[in-house]
Amino acid sequence: MKNPTKILSENTVDQVLAMIGPDKKYQVGDKLPNENELSEMMGVSRSTLREAIKMLVAGGALEVKRGLGTYVSNQNSLDYAGLKKLATSACSVYDAFELRLMFEPRCAGLAAERATEEERNTIVEWGNQLICLLNSNEPSAEADQGFHQSIVAATHNQFVKQLLPVIYEGIQKGIHLLQQNQNFFEDTINDTKMIMDFIKAGNGEGASTAMKLHILHSMRYIEELKI
């Protein structure tokens, strides 16, 4: 059985998003309760809440006004200029993968539970294309991105669908270097097969675990490359 604390941590961003926006508890321009009150209200730790707030601020859903608090911004429009500038800045590739680790495993779990038959077929098509390219030692960055984007699309969560392409801008250098490592190829092929199998079976917990292992494998190689 999945740890309840882990479930709360994975769902925090969705919980905050569910509280803001038109016809919801907090509208654009409203100030959110302070950290202690909001974490208690949501039943999560302050550290978990802080991570969620950081992501929502990065995406433009929330705005932190120094000395005043956290306010609801226009959550329907991501600040792509700011995010792309961040993605191509001096932030390390490892940091970008660490951000993926914070939410992509949960995305894979949601995709397994929510995907339509057509969406599952799209995920499998991209996955098989990625595996074919890796086996042929051909460039596979586009197929890799298509595979992950199709999984995120199957979550039916508009926020992460818009956020993932921006994160991919920050990991392109790492993907290029990783794809020169034969061991990375082999791990990615096995990981991709595992992720697809769990999603096809509708096994959310299995898909989440497989995605987590896949990203951790990448992070291990990135750490060795020191990028």
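FYI, the numbering just counts along the sequence from 1.
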>> Quick one, M42 with V16, criterion side-chain contact (heavy atoms from CB on, under 4.5 Å). Give me CA distance, side-chain angles, the key distance, then yes/no.
In response: CA-CA 9 Å; M42 299 175 64; V16 176; 3.6 Å; yes
> Within a reach of under 6.0 Å around CD of E186, are more than 12 heavy atoms found that belong to other residues, nucleotides or ligands?
Replying inline: yes
>> If we ignore hydrogens and angles and just use 3.5 Å, is the side chain of R114 paired with the main-chain N or O of T155 as donor and acceptor?
In response: yes
> For the atom pair CG (D95) and CG (L101), what is the distance rounded to the nearest 0.5 Å?
Replying inline: 12.0 Å
> Checking S45 side chain against T48 main chain: does a donor-acceptor pair fall under 3.5 Å?
Replying inline: yes
> Closest approach of F198 and A207, non-hydrogen atoms and distance?
Replying inline: CB-N, 3.4 Å
>> Using the rule given for side-chain contact (heavy atoms from CB on, under 4.5 Å), can you reason through H156 versus E119, listing the C-alpha separation, both sets of side-chain angles and the distance that settles it, and then say yes or no?
In response: CA-CA 10 Å; H156 302 168; E119 288 169 336; 3.0 Å; yes
> Can you name the nearest heavy-atom pair linking W126 to E142, along with the distance?
Replying inline: CZ3-O, 4.0 Å
>> Using modelled atom types and a 3.5 Å cut-off, is there a donor and acceptor pairing between side-chain atoms of K31 and backbone atoms of L68?
In response: yes
>> How long is the straight-line distance from CG of D144 back to CD of Q149, given to the nearest 0.5 Å?
In response: 10.0 Å
>> Tell me the closest heavy-atom pair linking G29 and Y71, and the distance in Å.
In response: O-CD2, 3.4 Å
> If you round to the nearest 0.5 Å, how far is CG of D30 from CD1 of I20?
Replying inline: 10.5 Å
> Crowded around E40 CD? As in, over 12 foreign heavy atoms under 6.0 Å?
Replying inline: no
> Hey, quick one: are F185 and L213 part of the same hydrophobic cluster, counting side-chain heavy atoms closer than 4.5 Å, chains of contacts allowed?
Replying inline: no
>> So does E118 get a backbone contact from the side chain of T122, meaning a donor-acceptor N/O pair under 3.5 Å?
In response: yes
> What distance separates I123 CD1 from I195 CD1, expressed to the nearest 0.5 Å?
Replying inline: 10.0 Å
> Would F184 and H217 count as a side-chain contact (heavy atoms from CB on, under 4.5 Å) if you check the C-alpha gap in whole Å, the side-chain angles of each, and the deciding distance to 0.1 Å?
Replying inline: CA-CA 8 Å; F184 172 75; H217 283 151; 6.0 Å; no
>> For R220 versus D187, what's the shortest heavy-atom pair and its separation?
In response: NH2-OD2, 3.2 Å
>> Would you compute the distance between atom CD of Q129 and atom OG1 of T192 and round it to the nearest 0.5 angstrom?
In response: 12.0 Å
> Going hydrophobic residue to hydrophobic residue with side-chain gaps under 4.5 angstrom, can you get from I215 over to M194?
Replying inline: no
> Mind checking whether H148 and H214 have parallel, tilted or perpendicular rings, split at 30° and 60°?
Replying inline: parallel
>> Is it the case that the side chain of S136 and the backbone of L133 share a donor-acceptor pair, with hydrogens and angles ignored and the cut-off at 3.5 Å?
In response: no
>> Between T209 (side chain only) and E205 (backbone N and O only), is there a donor and an acceptor less than 3.5 Å apart?
In response: yes
>> How close do V28 and S73 get, counting heavy atoms only, and between which atoms?
In response: CG2-O, 3.3 Å
> Any donor-acceptor pair under 3.5 Å linking the side chain of R120 with the backbone of M196?
Replying inline: no
>> To the nearest 0.5 Å, what is the distance between CD1 on I151 and CE on M211?
In response: 3.5 Å
> Can you name the nearest heavy-atom pair linking R106 to S208, along with the distance?
Replying inline: N-OG, 4.0 Å
>> For a side-chain contact (heavy atoms from CB on, under 4.5 Å) check, start with the C-alpha distance between N157 and L110, then their side-chain angles and the critical distance, and finish with the verdict.
In response: CA-CA 9 Å; N157 184 304; L110 289 175; 5.8 Å; no
> Does the side chain of Y26 come within less than 4.5 Å of P33's, by heavy atoms?
Replying inline: yes
> If you draw a 6.0 Å radius around CZ in R50, do more than 12 non-hydrogen atoms from other residues or ligands fall strictly inside?
Replying inline: yes
